[in-house]
Amino acid sequence: MLIRQKDDVRSSDITAEAVYLSRRDLIKAAGIGVTGAVISGSIGSRAIAAENGPVGKIMASVTKSPLSTAESPNTWTDITGYNNYYEFGTGKDDPSRFAVDFAPQPWRVKVSGECNKPGNYNYEDLVSLHALEERIYRLRCVEAWSMVIPWVGIPLASLVNRFEPNSNARYVSFKTLHAPSRMPGQRRRILDWPYVEGLTMAEAMHPLSIIAVGLYGRELPNQNGAPMRLVVPWKYGFKSIKAIAEISFTRKRPRSSWEQAAPSEYGFYANVNPQVDHPRWSQARERPIGAGLFAGKKPTLMFNGYAEQVASLYTGLDLRKNY
Amino acid sequence: MQIDTSLSNFYRLTKPLILLLGLLPLLILMLGAFNITDHGLGANPIEKLLHELGRWALKFLLLTLAITPLRRWTGWNWLIRYRRMLGLFAFFYAVIHFLTYAVLDQGLDIAAIAEDIVKRPYITLGMTGLSLLIPLALTSTRGMVRRLGRNWRKLHRLVYVVAIAGVWHFYWQVKLDTLEPLFYGLILAVLLLSRWRPRR
Ligand code: HEM
């Protein structure tokens, strides 16, 4: 079992969401926000669960990582109320509303394929052996918006090493849980469930790739992919698969869900690249979430600003063809 | 005539009411956008505005197109009195939808907007719809209706093109979940088919 401390103790070196509590959250806490909530509730349904401020158990002994960005993170409300997670609906506020009862624990992960240690692992056995790190990463969605998110997680490489992939393993593929009774979005065939994603072994072993299990020093909220999800910050958000139930090592390149759904629009690599547009919209700029109505867009950076660390993974690869 | 004056009183009363109702969606969005209580428009307020305004433009277009079949089915000819206002609301919401895109979303970057209009088929379609609505709005006055005579009806058939462009624009803009634009498309199809009469 993960040893968790009670809410009254917190490790002081992790990012406290209270620091980022904005004026409007305080106003809301005082109950003045009710009219606004009622009015806008009539425009479109709102993310009730996300509105009440940080929830979830505080995680013990999380250390800061030098790989974090210095940019200040988005609010808890934005990160947990504006999600693309089609397993819980295609609207941005669907996940926060329909993942409330998801109950991620107990959780098991099936590991298979080209490795020496396949099997069914408990969540605790997978995560508790590793030191938790806070990684504040930029997230760039393929829809041309972006956030900064204080994840808590473990390096994917250290997890992968425990399964001892053999020399045939060229790719790692991941699958999300398939449980339409608990994931109502899976009752409509928007995508070919379960969601599948994959990385090359080199990408998976890269120090920036993590398995996230927390947010803002707390256990990962259901709408953000609880209990464990991938985070690959130099790729578009859809690569960072949520609620991982299966990990497999393969010789052949897995076909990811969005690639299957629209191969001309979404590729296997999906590296953030301002020079290669989505067929229907430009990827040159992005809208930073939380900047307000008049902030404008900002330029998107190659590999989402992580070029220095990851560009060498792709030398010789035509990124226009391998989008 | 006696009946006529009471009827025109009725219109005098109900028209402002409908005017206010038509402005209500905008008012609610503005409250969300500028209220200090905020979060009314959520994490991505520009997208929210853009989407809500676009949907209202389409809803008013479909309402406008519903008047004629409704008249036919119910015999309520007085409905025609409200059609111009509904059509102008469609135009009004399409214009602020476009302004939201041009000013808030694109920051009035003319080059980027021009590139979008040329390169992105769904924007091309939206722009086509909006451009065609302009002559319709300009010729919606009583004087223009009279002046154009039979040509007025011909010109205003363009509204069918606008509605198709609007729904198609919506459909092409969606990432994968096409349920909602298809629903609008279904309503439009019903409204268009209801106009079709086999030749006698
Ligand atoms: C007859 C005129 C128009 C109608 C009826 C219309 C309607 C719509 C509708 C229904 C949506 C989708 C809303 C949603 O997803 O909830 C939409 C989205 C959008 N429209 Fe329009 N529109 C029109 C004209 C325009 C014009 C002239 C432009 C710009 C030149 C434009 C740009 C956009 C953009 C950028 C989006 C959102 C795309 C995104 O979020 O990815 N539209 N419009």
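Every chain is numbered from 1 and lettered A, B, ... according to where its sequence line falls, protein lines coming before strand lines. Reckoned from all heavy atoms, side chains included, excluding hydrogens, waters and symmetry mates.
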Please tell me if the side chains of Gln106(B) and Arg285(A) come closer than 4.5 Å, counting only heavy atoms from C-beta onward.
yes
Between Trp258(A) and Lys175(B), is there a cation-pi geometry (under 6.0 Å to ring centre, at most 45° from the normal)?
yes
So, Arg120(B) and Asp277(A), do they make that salt bridge, N to O below 4.0 Å?
yes
Under 4.5 Å from any heavy atom of chain A, what part of Leu49(B) do you find: side chain, backbone, both or neither?
side chain
Against chain A, label Glu47(B) side chain, backbone, both or neither, depending on which of its atoms sit under 4.5 Å from a heavy atom there.
side chain
Looking at Asp105(B), is its backbone amide N or carbonyl O close enough to the side chain of Arg287(A) to form a donor-acceptor pair, meaning the two atoms are under 3.5 Å apart?
yes
Minimum heavy-atom distance between [X] and [Y], given as atom pair plus value:
X	Y	result
Ala43(B)	Ile289(A)	O-CG2, 3.4 Å
Arg280(A)	Trp172(B)	NH1-O, 2.5 Å
Ile46(B)	Gly292(A)	CD1-O, 4.2 Å
Leu104(B)	Leu293(A)	CD2-O, 3.5 Å

Applying a strict 4.5 Å limit to non-hydrogen atoms, the region of Pro288(A) in contact with chain B is neither
Side chain, backbone, both or neither of Asn83(A) within contact of chain B (heavy atoms, under 4.5 Å):
neither
